[in-house]
Participant: 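Sharing a structure here in structure tokens format.
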Amino acid sequence: MPTVPTLSLPWPGARPLGDGFFDRDAQLLARELLGKVIRHRVGEHWLSARIIETEAYYCAEKGSHASLGYTEKRRALFLDGGHIYMYYARGGDSLNFSAQGPGNAVLIKSAYPWQDAICGPEALLAMQRNNPDANGIPRPPERLCAGQTLLCKALALRVKEWDAQRFDLARLFVEDVGERPGQIIQTTRLGIPRGRDEHLPYRFVDAGYARHCTRNPLRRGQVQGQHYHLIEGTTP
């Protein structure tokens, strides 16, 4: 895995993903991002969440924003792997990373709050304050990042600040903390309109966190081999 010079690390022992990590096929990147941790510094806290659900998009297929053509707003999709592409969805912010090849990218669909020596209880409380439910009540951790806009709200990631930017080790990056999904669920993406390549199996879910993602692919009525497939987890 590409490494980052030690002198630039945000803390000793940090393992941020280098730009080269993102320079790979979108489906492979979508799988390899499962288990990685997004770190966003807001004030004194590093807000952190483990990626549990992703979707791959290609310029050549109709489900992608890039398929609509190049615009200044979509510029990040056509840049090298590792650029941040953010947009508004259903009134909230959504986070994507560009992959190998112009117009290809991965949407970070959902995550799970991550706790360690860098992101402790106070950081989790800050995430809950960022993203209360409709009644103003703190969401339980398992629902805090269960969707692309909920994730961005909890981590305080905003289009106007991060769209078309690169990672900044002092403020925002993705870290390899050594977590790997044992199995990955591969299925169709969510919210793709009929006739826009909605049948493509470009959604990937960490099987161990299936019930905490946007929509559980293992819910009642779903049949393995028909509605989803199980594949081996990523390798160290």
Participant: Check whether Arg143 reaches the backbone of Pro140 with its side chain - one donor and one acceptor, N or O, closer than 3.5 Å.
Facilitator: no

Participant: How about Leu68 and Arg74: do any of their side-chain heavy atoms sit closer than 4.5 Å?
Facilitator: yes

Participant: Please work out which of the three classes, parallel, tilted or perpendicular, describes the rings of His212 and Tyr112, given edges at 30° and 60°.
Facilitator: tilted

Participant: Are the aromatic ring centres of Trp114 and Tyr209 under 6.0 angstrom apart?
Facilitator: no

Participant: So does Glu198 get a backbone contact from the side chain of Thr188, meaning a donor-acceptor N/O pair under 3.5 Å?
Facilitator: no

Participant: For residues 152-168, please give each side-chain donor-acceptor pair under 3.5 Å, one per line with the distance, not counting sequence neighbours.
Facilitator:
unit_1	atom_1	unit_2	atom_2	d
Glu161	OE2	Arg171	NH2	2.2
Trp162	NE1	His40	NE2	3.4
Asp163	OD1	Met86	N	2.9
Asp163	OD2	Lys73	NZ	3.0
Arg166	NH2	Gly81	O	3.0
Asp168	OD1	Ala170	N	2.9

Participant: Treating Glu61 as the side-chain partner and Gly63 as the backbone partner, does any N or O pair qualify as donor plus acceptor under 3.5 Å?
Facilitator: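 Yes.
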
Participant: Counting only N and O atoms by type, is there a donor-acceptor contact under 3.5 Å from the side chain of Arg75 to the main-chain atoms of Leu77?
Facilitator: no

Participant: Looking at every non-hydrogen atom in both residues, tell me the closest pair between Ser94 and Asn96 and how far apart they are.
Facilitator: O-ND2, 3.9 Å

Participant: For residues Thr54 and Phe97, determine if any side-chain heavy atom of one lies less than 4.5 Å from a side-chain heavy atom of the other.
Facilitator: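 Result no, sub-4.5 Å side-chain heavy-atom pair not found.
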
Participant: Between Arg139 (side chain only) and Asn131 (backbone N and O only), is there a donor and an acceptor less than 3.5 Å apart?
Facilitator: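 Checked: pair present.
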
Participant: Check whether Gln186 reaches the backbone of Pro201 with its side chain - one donor and one acceptor, N or O, closer than 3.5 Å.
Facilitator: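 Checking the backbone N and O of Pro201 against the side chain of Gln186, a donor-acceptor pair under 3.5 Å is found.
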
Participant: Donor-acceptor pair, His45 side chain versus Val42 backbone, under 3.5 Å?
Facilitator: no

Participant: Taking side chain as C-beta onward, heavy atoms only, is Lys36 less than 4.5 Å from Arg180?
Facilitator: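 SC-SC contact between Lys36 and Arg180 confirmed.
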
Participant: Answer yes or no: is there a side-chain heavy-atom contact under 4.5 Å between Leu200 and Tyr58?
Facilitator: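 Leu200 vs Tyr58: side chains apart.
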
Participant: With a 3.5 Å distance limit and no angle check, can you tell me whether Arg196 reaches the backbone of Lys62 through a side-chain donor-acceptor pair?
Facilitator: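 Yes, the answer is positive, given that a donor and an acceptor are paired below the 3.5 Å cut-off.
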
Participant: Can you get from Leu190 to Ile52 by hopping between Ile, Leu, Val, Met, Phe, Trp and Tyr side chains that sit under 4.5 Å apart?
Facilitator: no

Participant: Hey, quick one: are Val37 and Ile84 part of the same hydrophobic cluster, counting side-chain heavy atoms closer than 4.5 Å, chains of contacts allowed?
Facilitator: no

Participant: Taking a hydrophobic cluster as the set of Ile, Leu, Val, Met, Phe, Trp and Tyr residues connected by side-chain heavy atoms closer than 4.5 Å, whether directly or through intermediates, do Leu150 and Ile38 fall within one such cluster?
Facilitator: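 Different clusters: Leu150 never reaches Ile38 through Ile, Leu, Val, Met, Phe, Trp or Tyr contacts under 4.5 Å.
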
Participant: If every non-hydrogen atom of Arg50 is compared with every non-hydrogen atom of Gly35, which pair is closest and at what distance?
Facilitator: NE-CA, 3.7 Å

Participant: Would you call Arg39-Asp116 a salt bridge at under 4.0 Å N-O?
Facilitator: yes

Participant: With distance as the sole test, does Glu55 use its side chain to make a donor-acceptor pair with the main-chain N or O of Tyr202 at under 3.5 Å?
Facilitator: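 Not at all, since once roles are kept as given, no pair shorter than 3.5 Å links the two residues.
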
Participant: With a distance cut-off below 6.0 Å to the six-membered ring centre and an angular limit of 45° from the axis, does Arg189 pair with Tyr57 as a cation-pi contact?
Facilitator: yes

Participant: Mind listing the closest non-hydrogen atom pair of Glu175 and Gly13 along with its distance?
Facilitator: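 Answer, listing the atom of Glu175 first, then Gly13: OE2-O, 4.4 Å.
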
Participant: Taking all atoms of both residues into account, what is the closest heavy-atom pair of His227 and Gly221, and its distance?
Facilitator: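 Looking at all heavy atoms of both residues, the shortest contact is CE1-O, 3.5 Å.
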
Participant: Evaluate side chain to side chain contact (heavy atoms under 4.5 Å, CB included) for Leu33 paired with Phe21, printing each intermediate quantity in order.
Facilitator: CA-CA 9 Å; Leu33 280 168; Phe21 179 91; 3.8 Å; yes

Participant: Are Ile51 and Val205 co-members of a hydrophobic cluster defined by side-chain heavy atoms under 4.5 Å apart?
Facilitator: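 Shared cluster, no.
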
Participant: Would you say Ser98's side chain and His83's backbone share a donor-acceptor pair under 3.5 angstrom?
Facilitator: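 Between the backbone of His83 and the side chain of Ser98 there is a qualifying donor-acceptor contact (under 3.5 Å).
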
Participant: Under 4.5 Å between side-chain heavy atoms, counting indirect links through other Ile/Leu/Val/Met/Phe/Trp/Tyr residues: same cluster for Leu47 and Leu151 or not?
Facilitator: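 Yes, one cluster joins them.
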
Participant: Do you know which two heavy atoms are closest between Ala111 and Ala49, and how far apart they sit?
Facilitator: CB-CB, 3.7 Å

